[in-house]
Amino acid sequence: MKNFHIDNVSALSSGKVRDLYDAGDQLLIVVSDRVSAFDVVFDQLIPDKGAVLNSISAFWFRKLANIVPNHMVSTDPAEYPAPFNEYAEQLTRRSMLVNKLDMVPAECIVRGYLEGSALKSYRADGTINGVKMPAGLRQGDKLPEPIFTPSTKAESGHDQNISVAELANEVGTETAQAVEEASLRLFAAASSYAENRGIILADTKFEFGFRDGVLTLGDEAFTPDSSRFWDATTWEPGHAQASFDKQYLREWLETLDWDKTYPAPELPAAVIRNTAARYREAYERLTGEQWK
């Protein structure tokens with residue numbers, strides 16, 4: 001599904017993948033099959049992607065609710081308020097009714113391994129978000145301990161990495177400390193679980209908000225779009241790792257003569273098929289359930 005449509009009802013906002021609808025005191029999140037890479041949304045869809053992402057988030061929200069409360073209310077369209085409850089066929093598995101939150105304007109990132117922008121920063125000056133790291137680390141190496149590396153929450157374009165001190169200046173010391181602690185606790189719990197399933201959680205990002213003064217996890221949780229998951233049996237530092245996400249798509253795009261601006265190149269059927277397979281495999285490996 002590319003877009004969800006209800007007559008006379010417009011989305012509050014449409015992101016690269018998710019669309020938000022007002023449901024009174026709550027929001028309805030609808031997760032499409034759209035895919036983006038390098039901040040460009042492709043015209044073609046990845047089959048089942050939205051349903052997989054939504055199902056993985058729901059799994060983690062239930063599993064980790066005892067650590068940090070989250071915004072999920074229901075994933076059953078029959079329990080949604082009107083008129084959304086009349087669209088079960090479109091909304092089943094790819095939607096979530098959530099409580100509204102007063103969002104903290106930051107991406108809360110935790111890194112356990114050296115990859116992505118952390119690798120670029122380390123190669124430049126030996127630090128990650130200003131935190132000094134040991135010399136001699138290779139791409140994909142495990143860090144001495146997971147670190148919290150926040151970034152700005154950009155409305156468009158790229159988020160910008162900021163220090164914990166800069167985050168405190170932006171949202172207040174108490175809130176900055178609360179989201180750092182919550183992020184690290186969630187990461188530790190999810191990492192331990194994933195490790196027992198033969199999966200390395202390399203890094204992830206969270207969004208938090210407040211509901212009635214209580215810090216609450218929002219957006220999505222430990223999905224292949226918000227996290228790097230690696231197969232522990234093939235992990236080998238020194239080069240890029242195979243990921244259970246759209247990294248396969250990114251790597252294919254890097255072979256093209258494309259300037260990473262819209263319009264995006266057309267995706268071959270094999271790339272679409274293999275990318276979809278990575279998402280389904282992530283669901284199955286994490287939940288222990290076969291994707292149907």
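A donor-acceptor pair is defined here as one N or O able to donate and one able to accept, closer than 3.5 Å; no such pair exists between the side chain of Arg111 and the backbone of Ile147. Between the side chain of Gln241 and the backbone N or O of His239, at least one donor-acceptor pair lies under 3.5 Å. In this structure, Gln290 contributes its side chain and Glu284 its backbone to no donor-acceptor pair below 3.5 Å. A distance-only check finds no donor-acceptor pair linking the side chain of Ser74 to the backbone of Leu97 [under 3.5 Å]. Not a single donor-acceptor pair under 3.5 Å links the side chain of Thr216 to the backbone N or O of Phe210. A side-chain donor-acceptor contact under 3.5 Å links Ser121 to the backbone of Thr127. Of the possible polar contacts, none joining the Asn54 side chain to the Gly50 backbone as a donor-acceptor pair under 3.5 Å is found. Without hydrogens or angle criteria, Asn99 side chain to Met72 main chain gives no donor-acceptor distance under 3.5 Å. Remark: the backbone N or O of Ser243 is paired with a side-chain donor or acceptor of Arg278 at under 3.5 angstrom.
The pair Asp19-Arg34 meets the salt-bridge criterion, since a charged nitrogen lies less than 4.0 angstrom from a carboxylate oxygen. Ion pair Glu220/Lys205 not flagged as a salt bridge, since none of the NZ, NE, NH1 or NH2 atoms sits closer than 4.0 Å to an Asp/Glu carboxylate oxygen. One finds a salt bridge joining Asp39 and Lys16 here, because a Lys/Arg side-chain nitrogen approaches an Asp/Glu carboxylate oxygen to under 4.0 Å. A salt bridge links Lys49 with Asp225: the distance from a Lys NZ or Arg NE/NH1/NH2 to an Asp or Glu carboxylate oxygen falls below 4.0 Å. Salt bridge annotation for Glu207-Lys153: present, with a cationic side-chain nitrogen under 4.0 angstrom from a carboxylate oxygen.
The shortest distance between side-chain heavy atoms of Leu253 and Phe42 falls below 4.5 Å. Within the 4.5 Å cutoff, the side chain of Pro263 has no heavy atoms near those of the Asp43 side chain. A heavy-atom distance below 4.5 Å is found between the side chains of Thr204 and Ser226.
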Chi angles and distances behind the side-chain contact (heavy atoms from CB on, under 4.5 Å) call for Tyr262, Val41:
CA-CA 8 Å; Tyr262 190 84; Val41 179; over 6 Å; no

Evaluate Glu115 against Gln139 for side-chain hydrogen bond (donor to acceptor under 3.5 Å, both in side chains), listing each step before the verdict.
CA-CA 6 Å; Glu115 188 52 274; Gln139 181 178 14; 3.0 Å; yes

Evaluate the criterion side-chain contact (heavy atoms from CB on, under 4.5 Å) for residue pair Arg18 and Leu53; output intermediate values, then yes/no.
CA-CA 10 Å; Arg18 289 169 172 76; Leu53 293 177; 4.2 Å; yes

Run the numbers on Val40 and Trp258 for side-chain contact (heavy atoms from CB on, under 4.5 Å), then give the verdict.
CA-CA 12 Å; Val40 176; Trp258 174 49; 4.0 Å; yes

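Under a 4.5 Å side-chain heavy-atom criterion applied to ILVMFWY residues, the cluster that includes Leu45 comprises that residue alone. Under a 4.5 Å side-chain heavy-atom criterion applied to ILVMFWY residues, the cluster that includes Trp230 comprises Tyr113, Ile200, Trp235 as well.
No chain of hydrophobic side-chain contacts below 4.5 Å, direct or via other Ile, Leu, Val, Met, Phe, Trp or Tyr residues, connects Val68 to Val214. If you chain together hydrophobic residues whose side chains sit under 4.5 Å apart, Val131 and Leu143 fall into the same group. Connection of Ile272 to Tyr248 is established within a shared hydrophobic cluster, with ILVMFWY side chains joined at heavy-atom distances below 4.5 Å, either directly or through further cluster members. One hydrophobic cluster, built from ILVMFWY side chains closer than 4.5 Å, cannot hold both Val110 and Leu137; they sit in different ones. Taking hydrophobic clusters as Ile, Leu, Val, Met, Phe, Trp and Tyr residues chained together by side-chain heavy-atom distances below 4.5 Å, Val73 shares a cluster with Phe84.
Partners of Ser151 under the side chain to side chain contact (heavy atoms under 4.5 Å, CB included) rule, at least two apart in sequence or in another chain, are Glu107, Ile109, Asp159, Asn161. In terms of the ring-ring contact (aromatic ring centres under 6.0 Å, His included) criterion, residue partners of Tyr283 (sequence neighbours excluded) are, by chain and number, Trp291. Applying the ring-ring contact (aromatic ring centres under 6.0 Å, His included) rule to Phe206 yields the partners Phe208, Phe222; only residues at least two apart in sequence or on another chain are considered. In terms of the side-chain hydrogen bond (donor to acceptor under 3.5 Å, both in side chains) criterion, residue partners of Arg280 (sequence neighbours excluded) are, by chain and number, Asp48.
Side chain to side chain, Ser95 and Tyr80 meet the donor-acceptor criterion of an N or O pair below 3.5 Å.
Counting all heavy atoms, side chain and backbone alike, Val52 lies closest to Tyr279 at CG1-O, 3.3 Å. Here the closest heavy-atom approach between residue Phe229 and residue Pro224 is recorded as CE1-N, 4.2 Å. The shortest non-hydrogen separation linking Glu266 to Trp252 is O-CH2, 3.7 Å. In terms of heavy atoms, Ala118 sits closest to Ile128 at CB-CG2, 3.8 Å. When all heavy atoms of Met133 and Pro144 are compared, the pair lying nearest together is SD-CD, 4.4 Å. Here the shortest heavy-atom pairing between Gly218 and Leu101 reads CA-CD1, 4.0 Å.
Interatomic distance, Leu167 CG to Asn169 CG, rounded to the nearest 0.5 Å: 9.0 Å. Remark: Leu267 CG to Arg273 CZ distance equals 12.5 Å, nearest 0.5 Å. Taken to the nearest 0.5 Å, the CG atom of Leu249 stands 10.5 Å off from the CD atom of Glu254. Between Leu64 atom CG and Leu217 atom CG the span is 8.5 Å, to the nearest 0.5 Å. From Ile29, atom CD1 reaches atom CG of Leu12 across 11.0 Å, with rounding to the nearest 0.5 Å. Distance CD1/Ile46 to NZ/Lys246: 10.0 Å, rounded to 0.5 Å.
Taking a 6.0 Å sphere around NZ of Lys260, one finds it holds more than 12 heavy atoms contributed by other residues, nucleotides or ligands. In the displayed structure, Asp25 atom CG is contacted under 6.0 Å by at most 12 heavy atoms of other residues, nucleotides or ligands.
The stretch residues 130-148 participates, sequence neighbours left out, in these salt bridge (Lys or Arg N to Asp or Glu O under 4.0 Å) pairs: Arg138-Asp141. For residues 72-93, there are no salt bridge (Lys or Arg N to Asp or Glu O under 4.0 Å) pairs, not counting sequence neighbours. Sorted by first and then second residue, the ring-ring contact (aromatic ring centres under 6.0 Å, His included) pairs with a member in residues 132-152 form an empty list; sequence neighbours excluded. Among residue pairs with one or both ends in residues 60-72, those qualifying as side chain to side chain donor-acceptor pair (under 3.5 Å) are Arg62-Thr75; sequence neighbours excluded. Within the structure, the salt bridge (Lys or Arg N to Asp or Glu O under 4.0 Å) test picks out no pair touching residues 187-201 (sequence neighbours left out).
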Report all side-chain donor-acceptor pairs from residues 172-194 shorter than 3.5 Å, counting only partners two or more places apart or in another chain.
| residue | atom | partner | partner atom | Å |
| --- | --- | --- | --- | --- |
| Ser183 | OG | Val179 | O | 2.7 |
| Ser191 | OG | Phe187 | O | 2.7 |
| Tyr193 | OH | Leu286 | O | 2.4 |

